[in-house]
Amino acid sequence: MKKVLPLKFFKAPVLKVAESLVGKYLVRKSRGKEIALMITEVEAYDGCNDLACHARHGKTKRNEVMFGEAGHFYVYFTYGMHWMLNIVTGPKDYPAAVLIRGVEGIEGPGRLTKKLKIDKKLNGKTASKKSGLWFEDRGVAVRLKRTSRIGVNYAGAWAKKPYRFVIQ
DNA sequence: GCAGTGATCATA
DNA sequence: ATGATCACTGCC
């Protein structure tokens with residue numbers, strides 16, 4: 001069973017999308033080659049009140065995609081060398097996204113984007129075959145584990161929220 | 001443990 | 001214009 005996840009899938013609340021995205025496949029088509037990898041680790045970033053979320057200080061040029069329609073990619077550059085891949089969720093004008101932190105065989109959000117050649121060209125694009133990057137449900141069931149998020153110690157109480165989902 | 005790296009954003 | 005910050009990685 002191979003089913004491309006429709007944009008509707010991402011309109012649900014971010015925690016629900018994050019949870020159900022683990023065990024699904026991230027598929028990248030680049031230069032005619034298709035690579036499908038199971039997602040093993042994600043994190044949820046939920047709205048302006050989430051002190052770890054980029055949207056905590058309101059809309060800016062960088063994060064405006066998060067305020068848009070669900071099912072679009074939010075890709076940004078950080079630490080002078082790494083691209084981060086997120087998928088926008090929830091209703092329009094509600095800034096929330098799921099960070100894809102790892103897939104099978106590629107541990108770490110920065111490595112993942114490097115291996116799959118993901119950069120700002122995908123920012124704002126939709127998750128579909130047309131953009132060359134999309135998600136598929138291949139009918140795999142997995143056991144999950146919830147933990148607090150990585151690299152957000154500055155976020156006070158929000159740093160402790162169990163918004164990270166990893167495969168067990 | 002921590003240096004490297006540069007876009008982004010707030011402040012002026 | 002300047003300076004602090006950063007959803008990380010790789011090497012020590």
Side-chain angles (χ1 to χ4, degrees), chain A residues 5 9-10 12-26 28 30 35 37-91 93-127 131 133-135 144-168:
Chain A
L5 297 185
F9 178 92
F10 301 98
V14 67
L15 286 170
K16 187 168 160 40
V17 176
E19 185 172 12
S20 37
L21 216 43
V22 179
K24 299 292 188 291
Y25 279 75
L26 177 68
R28 175 65 164 144
S30 172
I35 314 171
L37 296 162
M38 189 166 71
I39 297 167
T40 56
E41 180 185 359
V42 302
E43 279 177 11
Y45 288 86
D46 188 18
C48 338
N49 296 323
D50 180 353
L51 295 181
C53 181
H54 279 172
R56 63 189 178 278
H57 299 308
K59 193 194 265 190
T60 66
K61 189 160 190 183
R62 176 175 67 161
N63 68 26
E64 65 183 352
V65 180
M66 275 210 286
F67 289 78
E69 294 285 347
H72 288 236
F73 291 114
Y74 169 42
V75 182
Y76 70 92
F77 193 62
T78 191
Y79 291 107
M81 50 185 105
H82 305 296
W83 293 101
M84 298 289 127
L85 173 66
N86 302 251
I87 182 77
V88 176
T89 70
D93 293 322
Y94 185 86
V98 176
L99 168 67
I100 312 296
R101 291 189 56 89
V103 297
E104 55 178 333
I106 311 178
E107 187 92 5
R111 291 187 193 153
L112 178 126
T113 51
K114 190 176 175 196
K115 283 232 174 172
L116 298 183
K117 300 191 167 42
I118 290 162
D119 62 21
K120 69 162 182 281
K121 290 196 291 290
L122 279 157
N123 190 41
K125 294 284 196 309
T126 57
S131 67
L133 186 63
W134 68 93
F135 299 92
L144 295 188
K145 178 168 74 174
R146 280 181 82 153
T147 77
S148 52
R149 292 174 291 187
I150 307 292
V152 294
N153 292 327
Y154 61 85
W158 286 84
K160 301 194 180 73
K161 299 255 179 200
Y163 281 11
R164 175 166 173 257
F165 299 85
V166 239
I167 218 160
Q168 197 155 46

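Side-chain atoms are counted along with the backbone in the values below, which use heavy atoms only and exclude waters and symmetry mates. Reminder, nothing fancy here: chain letters follow the sequence lines and each chain counts from 1. As the structure is a prediction and not an experimental result, all values here were calculated from the model.
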Margin query: Only Watson-Crick and G-U wobble pairs with both distances less than 3.5 Å should count. Give DNA chain C in dot-bracket notation, marking inter-strand partners with |.
Written below: ||||||.||||.
Next item on the list: Calculate the interatomic distance between W83(A) atom CH2 and dT5(B) atom P; express it in whole Å.
Entry: 17 Å
Notebook entry, point to check: Rounded to the Å, how far apart are N153(A) CG and dT5(C) C1'?
Noted result: 14 Å
Next item on the list: Mind checking M84(A) for me? I need base, sugar-phosphate or nothing, with any heavy atom below 4.0 Å counting as a touch.
Entry: sugar-phosphate
Next item on the list: Ignoring hydrogens and angles, tell me if any N or O in the side chain of S131(A) forms a donor-acceptor pair with the backbone of T126(A) under 3.5 Å.
Entry: yes
Check: Any side-chain heavy atom of D119(A) within less than 4.5 Å of one from V75(A)?
Finding: no
Check: Are K59(A) and F67(A) in a cation-pi contact, defined as NZ or CZ under 6.0 Å from the six-membered ring centre and within 45° of the axis?
Finding: yes
Check: Do V42(A) and V17(A) have side-chain heavy atoms sitting under 4.5 Å apart?
Finding: no
Next item on the list: Take the angle between the ring planes of W83(A) and F77(A) and call it parallel below 30°, perpendicular above 60°, tilted in between.
Entry: tilted
Note to self: What is the separation between atom OH on Y74(A) and atom P on dA7(C), rounded to the nearest whole Å?
What the structure shows: 9 Å
Notebook entry, point to check: Distance check: side-chain N/O of Y79(A) vs OP1/OP2 of dA3(B), anything under 4.0 Å?
Noted result: no
Margin query: The criterion is side-chain hydrogen bond (donor to acceptor under 3.5 Å, both in side chains); which residues satisfy it with Y76(A), sequence neighbours excluded?
Written below: none
Notebook entry, point to check: According to a strict under-4.0 Å criterion, is H82(A) in side-chain N/O contact with OP1 or OP2 of dA7(C)?
Noted result: no
Checklist line | Minimum heavy-atom distance between L26(A) and L133(A), given as atom pair plus value | finding: CD1-CD1, 3.8 Å
Next item on the list: Give a yes or no on whether the ring-centroid distance for F135(A) and F9(A) is below 6.0 angstrom.
Entry: no
Show every donor-acceptor pair shorter than 3.5 Å between a side-chain atom in residues 152-168 of chain A and any protein atom, with sequence neighbours excluded, or say none if there are none.
| from | atom 1 | to | atom 2 | distance (Å) |
| --- | --- | --- | --- | --- |
| Y154(A) | OH | A52(A) | O | 3.2 |
| W158(A) | NE1 | N49(A) | O | 3.4 |
| R164(A) | NE | E41(A) | OE2 | 2.9 |
| R164(A) | NH1 | T147(A) | OG1 | 2.9 |
| R164(A) | NH2 | E41(A) | OE2 | 2.9 |

Margin query: Is it the case that over 12 heavy atoms from other parts of the model lie below 6.0 angstrom from the CD atom of E104(A)?
Written below: yes
Check: How would you list, by chain and number, every residue that makes a side-chain hydrogen bond (donor to acceptor under 3.5 Å, both in side chains) with R149(A), sequence neighbours excluded?
Finding: D50(A)
Margin query: How many whole angstroms separate atom CZ of F165(A) from atom C1' of dA7(C)?
Written below: 15 Å
Notebook entry, point to check: Which ones in residues 94-113 of chain A lie close to DNA chain C, meaning a heavy atom under 4.0 Å from one of its atoms?
Noted result: L99(A), R101(A), G108(A), P109(A), G110(A), R111(A)
Check: What string of B, S and - do you get for nucleotides 7-12 of chain B 5' to 3' if you count protein non-hydrogen atoms under 4.0 Å?
Finding: SSS---
Check: Expressed in angstrom and rounded to an integer, what is the separation of R56(A) atom CZ from dT5(C) atom P?
Finding: 12 Å
